[in-house]
Amino acid sequence: MDYSRSLLRWYRKNSRDFPWRTADTDPYVVLVSETMLQQTQTSRVAEALPRFLAVFPTIQDLARASNADVIRQWQGMGYNSRALRLRDAARSIVELHGGVVPCEMGLLRALPGVGPYTSAAIMCFAFNKRVVVLDVNVRRVYSRILARQKTTLDLELDETLIPFAEQLIPARNASAWHHAVMDLGATICTARAPKCGVCPLAEQCPSHDMLIPMTRPRRTEPTFRGEPQRIWRGRFIEVLRKIDGRSYTSISKLFTLAAGSPLQRSEHEWYQQTLQRLTSDGLIVGTSKGVRLAD
Ligand code: SF4
């Protein structure tokens with residue numbers, strides 16, 4: 001079935017405009033944006049990317065950045081450890097590849113923080129290579145057009161999707177193709193309420209108007225004072241991010257600023273463990289004077 005022509009025609013009129021989708025894509029920009037997109041919404045990344053690139057315009061600038069520099073510029077993105085891994089990847093590229101992002105899956109996978117998705121995305125979006133890129137939107141669209149799915153939650157296994165995707169990717173337009181599938185998944189073939197009535201693939205799609213809406217049960221996360229652990233980690237970093245230079249903040253003050261109320265005796269153990277994890281992740285340093293962002 002010729003999904004390619006229908007989808008690319010739709011994409012020409014409906015593509016989403018993002019700062020990382022430029023005509024002459026810089027592989028460094030793809031590395032940064034794909035790292036940001038790993039766990040952050042596109043709208044936030046669209047705001048943060050130009051700001052980040054204004055401070056670190058080249059891979060050499062990023063490679064030179066201290067932990068504190070890069071964490072400060074990661075503001076609003078969450079999961080701050082990603083910023084350090086991205087900087088470490090930039091350092092590896094400068095040291096091992098002369099500052100040039102490698103165009104080879106194995107070399108990309110060897111970089112800190114670069115997993116199967118990010119390496120495939122760099123090959124595709126930076127170098128227009130015909131590789132399969134599977135993110136959550138793409139998996140969903142491929143599953144639904146490959147076979148009739150019963151519910152909105154059903155997905156095929158990657159082992160099934162990869163050979164199917166390999167046949168679909170156009171020979172010369174892998175980058176545009178993947179952007180098109182991602183946009184279709186984000187705007188029409190959505191997780192909970194696919195808009196089959198306006199879908200460019202409706203005529204060929206076996207799941208067209210067949211999907212029973214279902215919602216995945218929420219994953220339970222460790223919480224503290226009723227909020228997930230990761231939110232608290234982000235809050236502590238946010239407080240330290242706003243403090244200029246290398247000054248230390250006492251750990252009791254850090255807690256009060258982040259939580260809006262003092263630490264209770266029964267909460268000490270949790271707080272100490274959280275600070276230890278932030279330290280071992282390279283995000284903060286602590287001395288008898290208190291804590292600050294790591295160098
Ligand atoms: S017809 Fe419906 S299920 Fe099929 S790709 Fe389009 S939106 Fe998704």
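One-based numbering, in listed order, for ligands and for the atoms of each. Computed from a predicted structure; not experimentally measured.
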*asked:* In this structure, is the centre-to-centre distance between the rings of Y28 and F56 below 6.0 Å?
replied: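 Ring-ring flag for F56/Y28: false, centres at least 6.0 Å apart.
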*Taking only protein atoms, how many N, O or S atoms are found under 2.8 Å from atom 4 (Fe) of ligand 1?*
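If we list every protein N, O or S atom nearer than 2.8 Å to atom 4 (Fe) of ligand 1, we get 1.
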_Under 3.5 Å, is there a donor on one side chain and an acceptor on the other for N67 and R87?_
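Side chains of N67 and R87: pair found under 3.5 Å.
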*Any salt bridge between D281 and R82, counting N to O under 4.0 Å?*
no
*Going through the checks in order, is the ring-ring contact (aromatic ring centres under 6.0 Å, His included) test met by W177 and Y11?*
CA-CA 9 Å; W177 165 260; Y11 177 68; 9.8 Å; no
_Sequence-distant partners of E269, salt bridge (charged side-chain N to carboxylate O under 4.0 Å, His left out), two or more places apart_ = none
*Determine, stepwise, if the pair H179 / F125 fulfils ring-ring contact (aromatic ring centres under 6.0 Å, His included).*
CA-CA 9 Å; H179 283 146; F125 300 132; 4.3 Å; yes
